Amino acid sequence: MTDDERAFPIDRPEPIPAVSLNKLTLTKTERTVTLTKSGERQGSMRVNLNWSSGAPRKTGFLAKLVGSGGGIDLDLGCLYELADGSKGVVQAVGNSFGALNKPPYIALDADDRSGAATGGENLHINLERPEMFRRVLIFAMIYEGAANWAAVDGVVTMHPTSGPQVEVRLDSAVSGARICAIALLTNTGQGLTVQREVNYITGNQATLDHDYQWGLKWAAGSK
């Protein structure tokens, strides 16, 4: 190597990071992706919610962070509207677990009350006949524990039977909000699209309903 070469090193371009073809992450700028095309038939799509439960049995400030019971119980659910105009909710509260092979063609398979289960919570949406849906709003709710989404570190991943997984991270936390509207599935007439929402709502399911103009009647429930 000559003195000139040492004085003027040749810049080499940084390697371009590989793009995953198996997962798409919806962001504030890249919000929408096509889930199914017109006439396309798929099987059951799993919608998975996973989160960190927080450290149990803490005292003082950490106890306030994760709740007096020592953890956060985060529930997965959805509002749905079918093509025939029928509407409802699928959620653990009120044991409204739905059904996969009959209306509403959506089923919740478990209620993970600790966040410790490896599989988290799962909704299954039957996309064998996607034209049966008009819209589906996927949401998560902090049922027990402090309303602190930053401590939750939640992520929702959709697993269609065709195409890449679709991930939505529950970031941009709003302190005090109990509900997060995560993603909205919409039948455009040309197929189903999924749009990132990550809209934190202070209130309950009735507030969520009002904000998205669903029009359901609500009563107090438990699980």
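As the structure is a computational prediction, the values presented were derived from the model and not from experiment.
In this structure a side-chain-to-backbone donor-acceptor pair under 3.5 Å is present from Arg31 to Arg196. A donor-acceptor pair is defined here as one N or O able to donate and one able to accept, closer than 3.5 Å; no such pair exists between the side chain of Asp75 and the backbone of Met141. Here the side chain of Trp149 pairs a donor or acceptor atom with the backbone of Ala177 at under 3.5 angstrom. Asp209 contributes a side-chain N or O that, together with a main-chain N or O of Gly215, makes up a donor-acceptor pair within less than 3.5 Å. For the pair Tyr200 (side chain) and Gly176 (backbone), a donor-acceptor distance under 3.5 Å is absent. At least one donor-acceptor pair under 3.5 Å links the side chain of Glu121 to the backbone N or O of Leu76. Judged by distance alone, with hydrogens and angles left aside, the side-chain atoms of Trp51 form no donor-acceptor pair with the main-chain N or O of Val156 at under 3.5 Å.
Heavy-atom minimum distance, Phe97 versus Ala92: CZ-CA, 4.1 Å. Smallest separation of non-hydrogen atoms from Cys78 and Leu123: CB-CD1, 4.0 Å. Heavy atoms only, all atoms of each residue included: Leu137 and Glu197 are closest at CD1-CG, 4.4 Å. Phe139 and Leu79 make their closest contact through CE2-N, 3.9 Å (heavy atoms, listed as atom of the first residue, atom of the second, distance). For the residue pair Gln42 and Pro160, the shortest heavy atom distance occurs at OE1-CB, 3.5 Å. Between Ala140 and Leu49, the closest heavy-atom pair is CB-CD2, 4.4 Å.
Distance CD/Gln165 to OG1/Thr25: 9.5 Å, rounded to 0.5 Å. If you take CD1 on Ile179 and CG on Asn199, they are separated by 10.5 Å, rounding to the nearest 0.5 Å. Atom CG of Leu216 is separated from atom CG of Leu208 by 9.5 Å, given to the nearest 0.5 angstrom. Note that CZ of Arg135 is 5.5 Å distant from NZ of Lys87, once rounded to the nearest 0.5 Å. To the nearest 0.5 Å, atom CE of residue Met45 and atom NE2 of residue His124 are 11.0 Å apart. Leu192 CG to Glu131 CD: the interatomic distance, rounded to the nearest 0.5 Å, is 9.0 Å.
Annotation: side chain of Arg169 is not in contact with side chain of Thr27 (no heavy-atom distance under 4.5 Å). Taking the side chain as every heavy atom from C-beta outward, Val89 and Trp218 approach each other to under 4.5 Å. You'll find the side chain of Thr202 stays beyond 4.5 Å of the side chain of Thr207, heavy atoms only. Looking at Phe133 and Ile125, their side chains come closer than 4.5 Å, going by heavy atoms from C-beta outward. Inter-residue side-chain proximity for Val155 and Glu167 is flagged as met; some heavy-atom pair is nearer than 4.5 Å.
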**Request:** Output, in order, the C-alpha distance, side-chain angles, deciding distance and verdict of side chain to side chain contact (heavy atoms under 4.5 Å, CB included) for Ile138 and Met158.
**Result:** CA-CA 11 Å; Ile138 299 168; Met158 303 175 200; 3.9 Å; yes
**Request:** Check the pair Val198, Cys180 against side chain to side chain contact (heavy atoms under 4.5 Å, CB included), reporting the backbone distance first and the verdict last.
**Result:** CA-CA 6 Å; Val198 191; Cys180 179; 4.2 Å; yes
**Message:** Is there a side chain to side chain contact (heavy atoms under 4.5 Å, CB included) between Leu127 and Thr161? Walk through the geometry before answering.
**Reply:** CA-CA 9 Å; Leu127 297 182; Thr161 57; over 6 Å; no
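With a 6.0 Å radius and a threshold of 12 heavy atoms from other residues, nucleotides or ligands, Arg129 has its CZ atom at or below the threshold.
When each of Leu100, Asn126, Val136 is paired with Ile106, the side chain to side chain contact (heavy atoms under 4.5 Å, CB included) condition holds for Val136 and for no other.
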